[in-house]
Amino acid sequence: TATPFIDKFGPTTSLLNGVAVANMHMGKFDEAEKTLQNALQQGPNDPDTLVNLISCYQHLSKPSELIQRHINQLRSGAPNNPMVQQLNTVEGAFDRVAGTYALN
């Protein structure tokens, strides 16, 4: 586990994100959420923490408003983040296709 590293270096956002991702890979999403909440306290606008928290919340079927709040926070704090760029691409494609079906 990462506990010896956390004991030695403190609970940095990088270490906490690593622990959270490991927990998500093991299906321990509740534990991952707690760890990511701790990471969010360390760095409220850390892009990696926000991306991982969004993913964790989606797996936990959290309310869409909560997920959207973190997506908006990620967009404003890290507009060049790959997840933000991908979301923008997908939303733009959806809007273009939806526009072809708009009622006049």
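Below, each value reflects all heavy atoms present in this structure, side chains not excepted, and no hydrogens, waters or symmetry copies.
A pairwise comparison of heavy atoms in Thr13 and Gly43 identifies CG2-N, 3.8 Å as the closest pair. A pairwise comparison of heavy atoms in Pro44 and Gln73 identifies O-NE2, 2.6 Å as the closest pair. Minimum heavy-atom separation, Ser76 to Pro79: O-CD, 4.1 Å.
You'll find the side chain of Leu53 reaches within 4.5 Å of the side chain of Gln37, heavy atoms only. Under the 4.5 Å side-chain criterion, counting only non-hydrogen atoms from C-beta, Asp46 is not in contact with Leu40. Residues Val51 and Leu74 meet the side-chain proximity criterion, which asks for heavy atoms closer than 4.5 Å. Proximity of Asn52 to Thr49: side-chain heavy atoms (C-beta onward) are nowhere separated by under 4.5 Å. Inter-residue side-chain proximity for Pro11 and Asn38 is flagged as unmet; no heavy-atom pair is nearer than 4.5 Å. Under the 4.5 Å side-chain criterion, counting only non-hydrogen atoms from C-beta, Leu15 is not in contact with Val19.
Interatomic distance, CD1 of Ile67 versus OG of Ser61, reported as 8.0 Å (0.5 Å rounding). Rounding to the nearest 0.5 Å gives a distance of 12.0 Å between CE of Met24 and CD of Glu31. Note that the CD atom of Gln58 and the NZ atom of Lys62 stand 13.0 Å from one another [nearest 0.5 Å]. The CG atom of Asp30 sits 11.5 Å away from atom NZ of Lys28, with the distance rounded to the nearest 0.5 Å. To the nearest 0.5 Å, atoms CG (Asn23) and SG (Cys56) are separated by 9.0 Å. With rounding to the nearest 0.5 angstrom, the OH atom of Tyr57 is 10.0 Å from the CG atom of Leu50.
Take Glu91 and apply the salt bridge (Lys or Arg N to Asp or Glu O under 4.0 Å) test, not counting sequence neighbours, and it matches Arg75.
Ring-plane geometry between Phe29 and His59 is classed as parallel, the angle between the planes falling under 30 degrees on a 0 to 90 degree scale with a further cut at 60.
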*Leu16 and Gln42: side chain to side chain contact (heavy atoms under 4.5 Å, CB included), yes or no, with the steps?*
CA-CA 10 Å; Leu16 291 170; Gln42 299 265 336; 4.1 Å; yes

*Applying side chain to side chain donor-acceptor pair (under 3.5 Å), run through Gln68 and Asn72 and close with a yes or a no.*
CA-CA 6 Å; Gln68 191 59 50; Asn72 292 341; 2.9 Å; yes

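By the 4.5 Å side-chain criterion applied to Ile, Leu, Val, Met, Phe, Trp and Tyr, Val97 is assigned to a cluster that also includes Tyr101.
With hydrogens and angles ignored, the 3.5 Å screen pairs no side-chain donor or acceptor of Gln86 with any backbone N or O of Asn81.
Residues Leu66 and Val84 share a single hydrophobic cluster, defined by chaining ILVMFWY side chains whose heavy atoms lie under 4.5 Å apart.
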